[in-house]
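In this text the structure is predicted, and so the values were computed from the model without any measurement. Just so it is clear, the values below take in all heavy atoms, side chains as well, and ignore hydrogens, waters and symmetry mates.
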Amino acid sequence: GGFELGNHTYSHPDLNRTPLWQYQDDIVRGEVVMRALLAERGRTLQWFRHPFLHTGVTLEIRRALDSFLAERQYRVAPVTVDYADYAFNGVYNRLLRAGDQSLAEKVRQAYEEQVDIGFQHFERFSGEVLGYELPQILLIHCNALNAVSLPATIARLRARGYSFVSLAEAMTDPAYQRPDDYVGPGGLSWLRRWAMALGKPRPPGDGPRLPRWITDLPRPGR
């Protein structure tokens, strides 16, 4: 379809819970699939994104993986906007399975509203950390909720003044040349990583999450 493809590993392991050698093997397994798909279109594999955005809990692991990726000629695909689409999707699917179409629709509407809430948060955060709004890189997933919401999501982004460019073009912004040595338990957005490196205050958490009324919904067996 003309879109760039990248390697997200073969089985989505968590670097913070997986031995480095096993994680690297999973990258190579994913590579076997992705390189062939791109070669069919005359393209080469260049992008890698860490599952869960976890980049290691120690600097030793972080640097070893960075060296491994560099040797295999990867560029890391960062993320600056993440409003937890996967969490909304889990609730949405659970309600659909339970036959509660009405409440599922309410979750869908809340998710679409979250687009504006999320972008407003990270646009403001970008200004606080960098002094300007950088070209944002959004993390969303291939799931049932995005399948029905994507047209509305894109319309909201265009209404905010956004257009769409390639990842390579977005990353020509100087912010993406900043060093990133973050290690720790959380999969943080790059805006928060830069804020930590610069010693700047940051909002609690890493951006908007599920509204309270959604987290309070009863789960099966409760």
Side-chain angles (χ1 to χ4, degrees), residues 1-6 8 43 46-50 52-53 75-92 104-180 182 186-214:
F3 292 96
E4 194 80 38
L5 301 179
H8 196 44
R43 298 189 182 190
Q46 63 171 322
W47 297 108
F48 175 77
R49 177 170 285 151
H50 304 76
F52 308 102
L53 303 185
R75 297 178 67 186
V76 171
V79 169
T80 60
V81 179
D82 174 13
Y83 40 73
D85 69 313
Y86 48 88
F88 283 87
N89 181 69
V91 178
Y92 179 77
E105 177 64 15
K106 187 178 177 182
V107 170
R108 183 190 66 78
Q109 292 173 357
Y111 171 63
E112 292 178 7
E113 292 168 2
Q114 188 85 339
V115 173
D116 284 311
I117 295 170
F119 269 88
Q120 183 180 39
H121 171 90
F122 287 106
E123 287 163 0
R124 183 175 65 251
F125 198 18
S126 176
E128 292 170 355
V129 175
L130 302 172
Y132 67 98
E133 288 185 23
L134 84 168
Q136 302 280 9
I137 300 176
L138 169 65
L139 174 65
I140 58 174
H141 296 78
C142 181
N143 57 40
L145 183 55
N146 279 320
V148 298
S149 299
L150 197 58
T153 297
I154 291 173
R156 284 177 179 265
L157 295 183
R158 293 196 187 279
R160 298 189 71 83
Y162 285 98
S163 58
F164 294 88
V165 299
S166 68
L167 183 57
E169 183 177 345
M171 288 186 62
T172 60
D173 188 276
Y176 293 108
Q177 315 313 314
R178 290 177 174 272
D180 167 34
Y182 172 75
L188 305 185
S189 77
W190 267 247
L191 278 168
R192 187 167 176 192
R193 294 168 187 235
W194 296 329
M196 294 172 67
L198 293 168
K200 293 192 174 184
R202 58 193 184 274
D206 197 36
R209 288 296 181 259
L210 288 172
R212 181 64 180 269
W213 70 265
I214 294 180

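In this structure, Q114 CD and L210 CG are separated by 7.5 Å, a value rounded to the nearest 0.5 Å. Taking CG from D82 and NE2 from H121, the interatomic distance works out to 10.0 Å, rounded to the nearest 0.5 Å. If you take NE2 on H141 and CZ on F88, they are separated by 14.0 Å, rounding to the nearest 0.5 Å. For the atom pair Q109 CD and E105 CD, the distance stands at 5.0 Å (nearest 0.5 Å). Between atom OH of residue Y83 and atom CG of residue L139 there is a gap of 9.0 Å, rounded to the nearest 0.5 Å. Of the inter-residue distances, the one linking C142 atom SG with D85 atom CG reads 10.5 Å to the nearest 0.5 angstrom.
Smallest separation of non-hydrogen atoms from A170 and P135: O-CG, 3.9 Å. Listed here is the closest heavy atom pair of P174 and Y132: CD-OH, 4.4 Å. The two residues R75 and A168 come nearest to each other via the heavy atoms NH1-CB, 4.3 Å. Pairing each heavy atom of A110 with each of W213, the nearest pair is CB-CZ2, 3.9 Å. Annotation for V79 and V81: closest pair CG1-O, 3.5 Å, computed over non-hydrogen atoms.
Between the side chain of E133 and the main chain of F122, no donor-acceptor pair closer than 3.5 Å is present. Proximity of a side-chain donor or acceptor of R108 to a complementary backbone N or O of Y92 within less than 3.5 Å is not detected. Of the possible polar contacts, one joining the N89 side chain to the L145 backbone as a donor-acceptor pair under 3.5 Å is found. A donor-acceptor contact shorter than 3.5 Å is absent between the side chain of R49 and the backbone of V76. Of the possible polar contacts, none joining the D180 side chain to the W190 backbone as a donor-acceptor pair under 3.5 Å is found.
Y176 and W194 have their aromatic ring centers within a separation under 6.0 angstrom.
Using a 4.5 Å heavy-atom threshold, the side chains of M171 and P78 count as touching. Inter-residue side-chain proximity for R178 and L198 is flagged as met; some heavy-atom pair is nearer than 4.5 Å.
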Return a table of donor-acceptor pairs under 3.5 angstrom between the side chains of residues 150-159 and protein atoms on other chains or two or more places apart.
from : atom 1 : to   : atom 2 : distance (Å)
T153 : OG1    : S149 : O      : 3.1
R156 : NE     : E112 : O      : 3.1
R156 : NH1    : D116 : OD2    : 2.5

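T80 and Q136 are linked by a side-chain donor-acceptor pair at a separation below 3.5 angstrom, with hydrogens and angles left out of the test. There is a side-chain donor-acceptor pair under 3.5 Å between Y111 and N146.
Using a 30° and 60° split on the angle between ring planes, H50 and F48 fall in the perpendicular class, above 60°.
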Requested in this report: Show your reasoning for whether side chain to side chain contact (heavy atoms under 4.5 Å, CB included) applies to F125 and R192.
Outcome: CA-CA 8 Å; F125 198 18; R192 187 167 176 192; 4.2 Å; yes
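Residues meeting the ring-ring contact (aromatic ring centres under 6.0 Å, His included) test with F119, sequence neighbours left out: Y162.
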